[in-house]
Engineer: 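One structure, as structure tokens, below. Some questions next.
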Amino acid sequence: MTLFSSALSSTPSSSASDDLALRIDRTVALLRGARRIVVFSGAGLSKASGIPTYRDADGLWMSQNALKFSHADDLARDPGGFTRFWAQRLSLIETASPNPGHLALAQLQRLRPATRLITQNVDGLLGKAGGQDVLELHGSLRRWRCDHCGNRSGPWPFHRCLRCGSHARPDVVMFGEMLNAGVLLDAQVAAQESDLFLVVGSTTIVYPAAELPKLAMARGARLVTLNIEPLPHLDDAAAVVLRGASEDLLPRLLAGMVGD
């Protein structure tokens, strides 16, 4: 009876594993056949590097300080608190290293140089992994700037502008600000020119970034979604839905391509 029960309980897991393997094979086939690949990534890509996502129990939006210091006007309201909060965020990012998901995407770009990497993340880990010309829609916490005099080159002793003495700020998009128009345009063009569009670790619900997979599909691109949670607004239109962690699945996809 014990042996029979054990065999029964292993069947669903085996079936799920077989189904995932088939989905990975289908995605590898799409990657091999694509001429222009776009990978659009979000916070889920960097979670394995120790950077919490925004909506996790320990995520950024669970912090009251994050809500106090994530608006464009908060620097003028409380310069000291603003600088301390973002300096702490920077210290977290500076100690983080690219995980296997980042490294796999950089490897994909080396295999297919026409691949474009678009990210909502501000941690700079795709570039640190070797990604080229990464389109950082929300900027980068690794860059700071002075909005008072326009200084973008630093240096930033004590997070102040050496040129004018004003408080510096991270070069990231905050509430109340628009995305960089040039970066957004480059991302839109890349999406429209793609024939395969991968969504990795992003809920794709924040506009205007959320329109990118729709722009790609409107021009005939195939869509692959790779996420821990379902994406009801995209999964139904996807050629392949991969459910799992990007640090596990992306290396498997690249292994399939390299094996070819």
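As the structure is a computational prediction, the values presented were derived from the model and not from experiment.
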Engineer: Which value, rounded to the nearest 0.5 Å, describes the distance between I228 atom CD1 and L231 atom CG?
Structural biologist: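 Rounded to the nearest 0.5 Å, the CD1-CG separation comes out at 11.0 Å.
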Engineer: Measure the shortest side-chain to side-chain distance between L198 and L31 over non-hydrogen atoms and say whether it is less than 4.5 angstrom.
Structural biologist: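 Answer yes - side chains close enough.
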Engineer: Would you say R36 has more than 12 foreign heavy atoms packed within less than 6.0 Å of its CZ?
Structural biologist: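 Check fails, neighbour count at 12 or below.
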Engineer: Please give the remaining members of the hydrophobic cluster of L185, linking ILVMFWY side chains under 4.5 Å, ordered by chain and number.
Structural biologist: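 For the cluster that includes L185, the remaining residues are V189.
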Engineer: Just by distance, do the side chain of R112 and the backbone of A34 share a donor-acceptor pair under 3.5 Å?
Structural biologist: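 Looks like yes, one N/O pair under 3.5 Å.
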Engineer: Show the numbers, then the answer: is there a side chain to side chain contact (heavy atoms under 4.5 Å, CB included) between L125 and I51?
Structural biologist: CA-CA 11 Å; L125 289 177; I51 300 176; 3.8 Å; yes
Engineer: Please identify each residue that fulfils salt bridge (charged side-chain N to carboxylate O under 4.0 Å, His left out) with D19, with sequence neighbours left out.
Structural biologist: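 For D19 the salt bridge (charged side-chain N to carboxylate O under 4.0 Å, His left out) partners, ignoring immediate neighbours, are R23.
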Engineer: Do L254 and L111 make a side-chain contact, defined as non-hydrogen atoms from C-beta onward lying under 4.5 Å apart?
Structural biologist: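 Yes. Closest side-chain heavy atoms under 4.5 Å.
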Engineer: Hey, does I37 have a side-chain heavy atom less than 4.5 Å from the side chain of R116?
Structural biologist: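 R116 does not reach I37 side chain to side chain.
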Engineer: Of all heavy-atom pairs between R163 and G150, which one has the smallest distance, and what is that distance?
Structural biologist: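 Of all heavy-atom pairs spanning R163 and G150, the closest is NH1-C, 4.4 Å.
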Engineer: Do any N or O atoms from the side chain of R169 and from the backbone of V172 form a donor-acceptor pair under 3.5 angstrom?
Structural biologist: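 Looks like yes, one N/O pair under 3.5 Å.
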Engineer: What's the spacing between L75 CG and M174 CE if we round to 0.5 Å?
Structural biologist: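 Answer rounded to 0.5 Å: 8.0 Å.
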Engineer: How close do A210 and T204 get, counting heavy atoms only, and between which atoms?
Structural biologist: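 Scanning both residues completely, I find the closest heavy atoms to be CB-O, 3.3 Å.
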Engineer: Are D123 and S49 side-chain neighbours, meaning at least one heavy-atom pair lies under 4.5 Å?
Structural biologist: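 SC-SC contact between D123 and S49 ruled out.
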Engineer: Identify whether the distance between the nearest side-chain nitrogen and carboxylate oxygen of D235 and R243 falls below 4.0 Å.
Structural biologist: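 Salt bridge between D235 and R243, a charged N being under 4.0 Å from a carboxylate O: yes.
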Engineer: So how far is it from F158 CZ to T83 OG1, rounded to the nearest 0.5 Å?
Structural biologist: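 Between atom CZ of F158 and atom OG1 of T83 there are 12.5 Å.
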Engineer: Nearest 0.5 angstrom please: D133 CG to D186 CG, how far?
Structural biologist: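 The CG atom of D133 sits 9.5 Å away from the CG atom of D186.
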Engineer: With a 6.0 Å cut-off (strictly less than), is the heavy-atom count around NZ of K128, excluding the residue itself, greater than 12?
Structural biologist: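 Above 12, so yes.
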Engineer: Output yes when a side-chain donor or acceptor of H233 lies under 3.5 Å from a complementary backbone atom of T203, and no otherwise.
Structural biologist: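 Yes: the side chain of H233 pairs with the backbone of T203.
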Engineer: Sub-3.5 Å donor-acceptor pair from the side chain of E193 to the main-chain atoms of A191, do we have one?
Structural biologist: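 No, because the side chain of E193 does not come within donor-acceptor range (under 3.5 Å) of the backbone of A191.
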Engineer: For residues A129 and L103, report the shortest heavy-atom separation together with the two atoms involved.
Structural biologist: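 That would be CB-CD2, 3.8 Å.
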Engineer: List for me each residue that meets ring pair (Phe, Tyr, Trp, His ring centres under 6.0 Å) alongside H167, sequence neighbours excluded, and say none if there are none.
Structural biologist: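 Not a single residue meets the ring pair (Phe, Tyr, Trp, His ring centres under 6.0 Å) criterion with H167.
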Engineer: Can you tell me how far the NZ atom of K214 sits from the CG atom of L234, to the nearest 0.5 Å?
Structural biologist: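 Atom-to-atom, K214:NZ and L234:CG are 7.0 Å apart.
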Engineer: Looking at V28, L30, D25, which one forms a side chain to side chain contact (heavy atoms under 4.5 Å, CB included) with L253?
Structural biologist: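 Filter result, single survivor: V28.
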Engineer: Per the ring-ring contact (aromatic ring centres under 6.0 Å, His included) rule, which among F85, W86, W144, F82 passes with H159?
Structural biologist: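 The single option meeting the ring-ring contact (aromatic ring centres under 6.0 Å, His included) with H159 is W144.
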Engineer: With a 4.5 Å limit on heavy-atom distance, are the side chains of F175 and D74 in contact?
Structural biologist: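 No - every pair of side-chain heavy atoms lies 4.5 Å or more apart.
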Engineer: Among S41, S246, S46, which residue satisfies the side chain to side chain donor-acceptor pair (under 3.5 Å) criterion with H102?
Structural biologist: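 Going through the options one by one, the only one that passes is S46.
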Engineer: Would a distance-only check, ignoring hydrogens and angles, find a side-chain to backbone donor-acceptor pair under 3.5 Å from T95 to L92?
Structural biologist: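 Side chain of T95 to backbone of L92, a donor-acceptor pair under 3.5 Å: yes, one is there.
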Engineer: Of all heavy-atom pairs between M217 and A237, which one has the smallest distance, and what is that distance?
Structural biologist: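 What the structure gives for the nearest pair is SD-CB, 3.9 Å.
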Engineer: Given D147 and R145, is the side chain to side chain contact (heavy atoms under 4.5 Å, CB included) satisfied, shown in steps?
Structural biologist: CA-CA 6 Å; D147 285 347; R145 72 178 196 243; 2.7 Å; yes
Engineer: If hydrophobic clusters are built from ILVMFWY residues whose side chains come within less than 4.5 Å, do L135 and L126 share one?
Structural biologist: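 No; tracing contacts between hydrophobic side chains, which count when under 4.5 Å, never links both residues.
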Engineer: Nearest heavy-atom pair of L184 and P208: which atoms, and what distance?
Structural biologist: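 So the two residues come closest at CD2-CG, 3.8 Å.
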Engineer: According to a hydrophobic-cluster definition based on side-chain heavy atoms being under 4.5 Å apart (Ile, Leu, Val, Met, Phe, Trp, Tyr only), do F40 and L223 belong together?
Structural biologist: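 Looking at the clustering, L223 is in the same group as F40.
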Engineer: Is any NZ, NE, NH1 or NH2 atom of the basic residue among R142 and E136 found under 4.0 Å from an Asp or Glu carboxylate oxygen of the other?
Structural biologist: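 No salt bridge links R142 with E136.
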Engineer: Where do H148 and C164 come nearest, in terms of heavy atoms and distance?
Structural biologist: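 In this case the closest contact between H148 and C164 is CD2-SG, 3.7 Å.
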Engineer: Report the C-alpha separation of L20 and L249 in whole Å, then their side-chain angles, then the decisive distance to 0.1 Å, and conclude whether the side chain to side chain contact (heavy atoms under 4.5 Å, CB included) test is met.
Structural biologist: CA-CA 10 Å; L20 178 59; L249 297 182; 4.0 Å; yes
Engineer: Backbone N or O of K68 within a donor-acceptor pair of the R77 side chain at under 3.5 Å?
Structural biologist: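 Yes; at least one donor-acceptor contact below 3.5 Å.
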Engineer: Applying a strict under-4.5 Å side-chain criterion to I, L, V, M, F, W and Y, I'd like to know whether L45 and I24 cluster together.
Structural biologist: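 Same cluster.
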Engineer: Mind checking whether V38 and L212 sit in one hydrophobic cluster, side chains of I, L, V, M, F, W, Y counted as touching below 4.5 Å?
Structural biologist: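 Yes; tracing contacts between hydrophobic side chains, which count when under 4.5 Å, links both residues.
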Engineer: Look up atom CG in L141 and atom CG in N121, then write down how far apart they are to the nearest 0.5 Å.
Structural biologist: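 One finds 11.5 Å between CG of L141 and CG of N121.
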Engineer: Hey, mind stepping through Q120 and S202 against side chain to side chain contact (heavy atoms under 4.5 Å, CB included) and telling me if it holds?
Structural biologist: CA-CA 8 Å; Q120 295 170 294; S202 172; 2.7 Å; yes
Engineer: Under a single-linkage definition using a 4.5 Å side-chain heavy-atom cutoff for Ile, Leu, Val, Met, Phe, Trp and Tyr, are L250 and V134 assigned to the same hydrophobic cluster?
Structural biologist: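 Yes; V134 is reachable from L250 via cluster members.
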Engineer: Is there a donor-acceptor contact under 3.5 Å from the side chain of Q109 to the main chain of Q132?
Structural biologist: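 Checking the backbone N and O of Q132 against the side chain of Q109, a donor-acceptor pair under 3.5 Å is found.
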Engineer: Are any side-chain N or O atoms of N99 and backbone N or O atoms of K47, one a donor and one an acceptor, separated by less than 3.5 Å?
Structural biologist: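 The answer is no, because no donor-acceptor pair under 3.5 Å joins these two groups.
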Engineer: Are the side chain of D195 and the backbone of A221 linked by a donor-acceptor contact shorter than 3.5 Å?
Structural biologist: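 Not a single qualifying donor-acceptor pair exists.
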Engineer: For R222, look at atom CZ and say whether over 12 heavy atoms of other residues, nucleotides or ligands are found less than 6.0 Å away.
Structural biologist: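 Incorrect, the count does not exceed 12.
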